[in-house]
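Written below as C-alpha cells is the structure these notes are about.
Nothing here was measured: the structure is a model prediction, and the numbers come from that model. All chains are named by letter (A, B, ...) in the order of the sequence lines, taking the proteins before the strands, and each is independently numbered beginning at 1.
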Amino acid sequence: MQEYNFNSIEQKWQKVWDDNKTFKASNNDTTKPKTFFLVEFPYPSGQGLHVGHPRSYTALDILARKRRLDGHNVLYPIGWDAFGLPTENFAIKNKIHPKIVTENNVANFKRQLKSIGFSFDWDREINTTDPSYYKWTQWIFLQMFKHGLAYKQEMPINWCMGCKVGLANEEVVNGVCERCGSEVVQKNKSQWMLKITQYAQRLIDDLDETDYIEKVKTQQKNWIGRSEGAEVDFAVDGTDEKIRVYTTRPDTLFGATYVVLSPEHPLIEKLADKIGNLDAVKEYQLMASKKSDFERTELTKEKTGVPLEGIYAIDPVNDAKVPVWISDYVLTTYGTGAIMAVPAHDTRDFEFAKKFGLPIIEVVGGGKNIQEEAFTDVETGIMVNSGFLTGLSVEEAKKKIIDFLEEKGVGTRKVNFKLRDWVFSRQRYWGEPIPLVKCEKCGWVPLPESELPLVLPELESFEPGENGESPLAKAYDWIKTACPSCGGEAERETDTMPQWAGSSWYFLRYMDPDCDTALASPEALKYWTPVDWYNGGMEHTTLHLLYSRFWHKFLYDIGVVPTKEPYYKRTSHGMILGENHEKMSKSRGNVVNPDDIVNTYGADTLRTYEMFIGAFDQSTPWATNGVEGCFRFLKRVWGMQELLVEGDVYSAELEKAMHKAVAKVTDDTEKMKFNTAIATLMALTNDIYKLGKINKAEFKTFLTLLNPTAPHITEELWQIAGFEGQISQQSWPVYDPAKTVDNEVEIVIQICGKVKSRVMIPADMDKTAMEEFAKTNETVTALTEGKEIVKIIAVPGKLLNIVVK
RNA sequence: GUCGGUGUGAUGGAAUUGGCAGACGUGACGGACUCAAAAUCCGUUGAUGGCAACAUCGUGUGGGUUCAAGUCCCACCACCGGCACCA
C-alpha cells in the first residue's frame, strides 16, 4: 500500500473534474429533478479566504454532491461580489486601479476555492464588477426608476471630519471613523432612495411561502416592524391646525395628558408666533439637531423636552385641553412625528411625565400603582375612567374607539412599519454608475437601455471630493452628455450604487450567465427559479436577504421572474471562532488560513473537520487537535484498502451496521447534522477495523457515503479497488429497513425509575408480552423480591419500569 | 429594556424529541512496537466511597409535573447575537 499522499491525490482529481466538467449543470435537462444550491458569493478581499468561508461552502457542496448521486440535475455556482470599499481604499492607498486589485484578489480566492475541491460549475462564474454583469444591475435600477420606486431625497449621511468623506454605517464605530478615529457627524446630502417600504407587507406575508429557518423569519419580521394602531387628530386650541398622532393604544385616549411633537415637526414653524417661549424652543431644536448618532443611542439617556407655551391640543374623545411639548424621544421619521402621551400606560411617557410633573391618569385598571410605574399589560386590564369604554377589555375598547373615531372623522385605523426606504447612493468610485442624466429642462432622465452598460470612467485618482462628492464628479468629459429626452446639455449622475446592488439579483445570473438579451433567458429563469436551498450568515438576514427579496418581488411584478420569492429554503451556519474562543480577526492574531490546513493535512481533512467541528448552526472554536483527529480518520479510511477481500466475506454484524449507517448518514446529511454523520462513519470504520476485513460491496457503500464529505480520497480508493467508473457518477446507497432492525435488543430494567439491570429480549416483543416477561423473568423477579408490584411500565424495545412499594 | 439563541466530563460536542446521559473526536493515563522518539495499534478515562460486586451523586440555579426530565412547566442566573425612545 502506498502512503496517503493527499496532495497529489487531490490535485489529480481536481484536474479530472475540471477537464471532464464533471459538475456542469444542464439548463434543459427535463429527465431529472433540478436542484439549485446557493451559497453567498464572497467579497474577494486582500486577506484571502479564512476558515469561515469553507464551512458554508462545504456544507452545500456535500448536499450538492449527494443530490447528484440521488440523480438530480444540480446547479451549484460561485462568483464574486467584488464592488466595495475595502478594494477602493486599498486602491487609493497603493495607487493601483481597483480593477487590478479585484483581479488579483479574485485570482487568489479562486485558487483557494479550487484547492478545496468544491463541485462548483465554474462555467457559470460571475463577477459583479464585470460590465456585462452590471449592465443588468443598471437595467433593473432603470426599471425601478421607471416604475416610480427610485426617488431622490435629502438624507443625512455619516461624514468623517478627518477623512472628509462619507462613510457607510458599518464604518462608523462608536461614533468615530473606523479608519482615522475622527468624529463623525451627520451631513445632509441628496441621495437616491428605493421604496422598499412599498413592499413591507408582502415581505412579511410571503415568508409563509418559504421554508426559512424560524430565526431568520422572526428577525426579518422584527426588522420590518409592523404595528397596528390608529392615527388620531388633536385640534390645536384656538387655531385651524391639527396635530395628527399615531398610537397603537387608541383605547387609552381618555388617559392622554399631553401631546409631544418631534423637534423637527413642521407645525412648530407654523405656530411660531403663538409660542410664548420661542427662544427656548429654537434652542432645543438646535441642540437636538446637533446630537450625534452616538449621543442619541447612549444608554443612560434622560428624557429632555420643552413645552410649547400657550399651545394646547384638544383630545377628541373628551375635549380635554392638554399641553403640547417637543422632545427628541419622538422620532420625526416614524408615524406622524407626533404622539399623544399616556403616562399611566407607557413607560416612556411615564418617565417624561414624572420628570416634568405632568398629570398621570389611570384608564386601564387591575394593574400596578400607576403613580409608581406605568401599567402596560394589554392582556389583563379592564378600562376605567374612560367614558363609554369603561368596563371593557383592552381589546374590545380598541375596536370600539376606532369605530367611534372613524365615525366622528377624527381618526382612522393605521398600520405602520419600522422599515425605512433604502439609501441607494454612494459617493464612491468602485460601484455601478447610476444610469441617469440630469437635464435642466427635463429633470432626471433614464439612459436608453441601448446605452447600457454605462461603464465606469477611467480616473487618475479615486479619492472622494472635498465636500464628499463622488470621485466621478472629477470625470468632466464623462459627466457631460446630451439629454436622452430633449438632446440638450445635461450631466450624468455621479453617485454609484451600494455594494448591496449587485448581490440583490446575482442568483438569477447564474441561471444563464452569458445571456446578452436579458438578465437571463426566460427559459433558464423558468427552469431554475427559485433557488431551492440558500445557506448564508445570519448577519445578512436584514440587509442582503431582505433587499434581494424586494428586488425579486419587483421583477416578479414586471413579469421578469416567475416566482414571488427568490429562495425557497434558507439555512444559516454558525461562526467559527479562534482557538482562544474569540472571534477570528487579524488584530487578535487568531486567524486560521485554509491554505495551511490544505497543505499540511489536505482538502479532505479540512472539509471533514469543518463539518465535524460541531453543530452546523452554532458557533464553535477552531481546534488544531480536532483537525488532527479527522486526519487520522482519513488515514484509517486509506488503510481500508488493505482490509478489502475478494468474494463473499460476510458478517451479519457488519451488514447491519452498514445498513444503519446508510440510514443515519442519509438522514443526518439532509438535516445538516454533518457532525453526527461523520461520527457514524468513524464508528463504522472502527467496526470494520475490529472485524479486520470488508467485502467489495460494503466498501463501495462506505466510500459513497463518505464521498460528498471527502471527495478526493474516495475517488482514489474507488480507483485503487478497481471499481468501475468514477465514484462521483454512482448512486447514493439505499438501505433495507428490515436489515437495520436487531433480532434481540437490550432493554433496561428500572425499579421506580432507577436503572437496576439490563436484559436481552426479542426485538418484536410487544407491551403485553413485556409485562408478562416482567412477572416471570428471573432477573426481574430477583429485583422485586419481597416487594409489592404497584405498576409495570413497558416501552417496547426500550425499557421496563417496575414501580414497587 | 426587548426579541432570539446557548448553558452537559479536562475539552469540541452526542442523546432517535419524555425512556440506558456523555456517541464520535481531542486530551490524559497505562500498555504493545522501537536502541529511542515520532507515527501506528490495544486498553482505561464523569465524581465520590469500596479490594470487589456495587452504592450514592451528577446536564447553569431553585421549585414543579411524571412511573421516568438534559428534554415539559414556573421563577431566576450567566454568556452570545439582533434591535433599541418605532408611541
Side-chain angles (χ1 to χ4, degrees), chain A residues 214-223 225-227 229 245-250 252 260 262 296-299 301-303 327-331 333-342 345-349 351-352 376 416-420 538-539 541-542 574-575 577 579 581 583 608-609 612-615 617-630 632-633 635-636 639 663-664 667-668 673 675-686 689-690 746-758 790-804:
Chain A
E214 219 40 52
K215 225 186 348 181
V216 170
K217 285 192 185 184
T218 41
Q219 222 178 90
Q220 288 212 347
K221 283 180 193 163
N222 290 343
W223 181 265
R226 182 193 147 99
S227 78
V245 303
Y246 175 70
T247 176
T248 55
R249 297 292 306 275
T252 61
V260 189
S262 66
R296 238 175 278 161
T297 54
E298 237 174 334
L299 281 169
K301 55 205 156 191
E302 255 207 23
K303 299 265 181 299
S327 171
D328 66 0
Y329 88 89
V330 175
L331 308 173
T333 45
Y334 183 76
T336 59
I339 62 155
M340 65 172 203
V342 186
H345 306 291
D346 181 282
T347 323
R348 296 151 303 181
D349 298 344
E351 270 174 45
F352 193 83
T376 56
N416 267 327
F417 298 94
K418 287 187 201 172
L419 184 70
R420 304 293 145 85
M538 280 309 289
E539 70 275 17
T541 304
T542 51
M575 222 190 315
L577 305 171
E579 203 129 11
H581 290 53
K583 199 169 165 172
T608 308
Y609 180 62
F612 187 63
I613 191 167
D617 59 353
Q618 264 159 273
S619 51
T620 324
W622 185 266
T624 306
N625 281 334
V627 181
E628 207 100 30
C630 290
R632 270 180 219 153
F633 164 59
K635 278 195 283 191
R636 275 162 77 79
K664 178 87 176 137
D667 197 48
D668 280 355
K673 293 170 81 171
N675 53 338
T676 49
I678 292 166
T680 304
L681 292 175
M682 285 174 170
L684 187 58
T685 304
N686 294 341
Y689 266 83
K690 263 201 189 107
E746 189 184 61
I747 62 154
V748 173
I749 308 295
Q750 295 181 337
I751 302 296
C752 293
K754 296 213 166 187
V755 180
K756 292 289 170 182
S757 183
R758 291 151 224 270
V790 180
K791 199 174 174 186
I792 296 173
I793 292 115
V795 182
K798 294 242 165 69
L799 59 78
L800 261 176
N801 186 12
I802 294 124
V803 187
V804 295

Span that lies between the P atom of B/rA38 and that of B/rG5, in whole angstrom: 47 Å

Sugar-phosphate only, base, or nothing, as touched by A/Asn222 at under 4.0 Å among non-hydrogen atoms: sugar-phosphate

Nearest-Å distance for atom pair NZ/P, residues A/Lys754 and B/rC67: 16 Å

Who pairs with B/rC33 - Watson-Crick or G-U, where each distance is under 3.5 Å: none

Of A/Asn625 and A/Lys756, the one whose closest RNA chain B nucleotide lies more 5': A/Asn625

A/Arg420 side chain near A/Thr333 side chain, heavy-atom distance below 4.5 Å: yes

Pair partner, B/rU17 [Watson-Crick or wobble, under 3.5 Å]: none

Atom pair distance, as rounded to whole Å: NZ in A/Lys664 and P in B/rU16: 8 Å

Rounded distance (Å) that lies between atom C1' of B/rA15 and atom CG of A/Asp668: 12 Å

Separation of atom CD1 in A/Ile751 from atom P in B/rU56, rounded to whole Å: 13 Å

Sugar-phosphate, base or nothing in reach of A/Ser227, heavy atoms under 4.0 Å: sugar-phosphate

Donor-acceptor pair under 3.5 Å, A/Lys303 side chain vs B/rC85 base: yes

Syn or anti for B/rG63 (syn when the glycosidic angle lies within 90° of 0): anti

A/Thr347 vs B/rC85: side-chain N/O to OP1/OP2 distance below 4.0 Å: no

For B/rU59, the Watson-Crick or wobble partner whose two distances fall under 3.5 Å: none

Under-4.0 Å side-chain N/O to phosphate OP1/OP2 contact, A/Tyr329 with B/rA87: no

Sugar-phosphate, base or nothing in reach of A/Ala615, heavy atoms under 4.0 Å: sugar-phosphate

Rounded interatomic separation in angstrom, taking CG from A/Leu800 and P from B/rG19: 16 Å

Side-chain heavy atoms of A/Asp346 within contact of A/Thr252, under 4.5 Å: no

Phosphate contact (B/rG25 OP1 or OP2) by A/Asn686 side-chain N/O below 4.0 Å: yes

A/Lys673 vs B/rA15: side-chain N/O to OP1/OP2 distance below 4.0 Å: yes

Nearest-angstrom distance from the residue atom NE2 of A/His581 to C1' of B/rU6: 13 Å

Criterion side chain to side chain contact (heavy atoms under 4.5 Å, CB included) on A/Thr247 and A/Val342, from CA distance to verdict: CA-CA 10 Å; A/Thr247 176; A/Val342 186; over 6 Å; no

B/rC29 to B/rA21 separation - P atoms, rounded to the nearest Å: 30 Å

A/Arg636 side-chain N/O to B/rU40 phosphate OP1/OP2 under 4.0 Å: no

Sugar-phosphate only, base, or nothing, as touched by A/Ile613 at under 4.0 Å among non-hydrogen atoms: sugar-phosphate

NZ/A/Lys221: more than 12 non-hydrogen atoms of other groups inside 6.0 Å: yes

Base-pairing mate for B/rU65 - Watson-Crick or G-U, with both contacts under 3.5 Å: none

A/Ile678 or A/Lys418, whichever maps to the more 5' nucleotide of RNA chain B: A/Ile678

Pairwise P distance, B/rC57 and B/rU11 [rounded to whole Å]: 24 Å

Heavy-atom side-chain contact between A/Asn686 and A/Arg636 under 4.5 Å: yes

Atom pair distance, as rounded to whole Å: NZ in A/Lys690 and P in B/rC42: 7 Å

Sugar-phosphate, base or nothing in reach of A/Val803, heavy atoms under 4.0 Å: sugar-phosphate

Aromatic plane relationship, A/Tyr609 with A/Trp622 - under 30° parallel, 30 to 60° tilted, over 60° perpendicular: perpendicular

A/Asn675 side chain near B/rA14 phosphate (N/O to OP1/OP2, under 4.0 Å): yes

Anti/syn call for B/rU45, syn if |chi| within 90°: anti

Distance in angstrom units between A/Lys635 NZ and B/rA39 C1', rounded: 7 Å

Distance below 4.0 Å between A/Arg249 side-chain N/O and B/rA87 OP1 or OP2: no

Six-ring centre of A/Phe352, A/Lys303 cation under 6.0 angstrom, axis tolerance 45°: no

Any A/Arg632 side-chain N or O less than 4.0 Å from OP1/OP2 of B/rC24: no

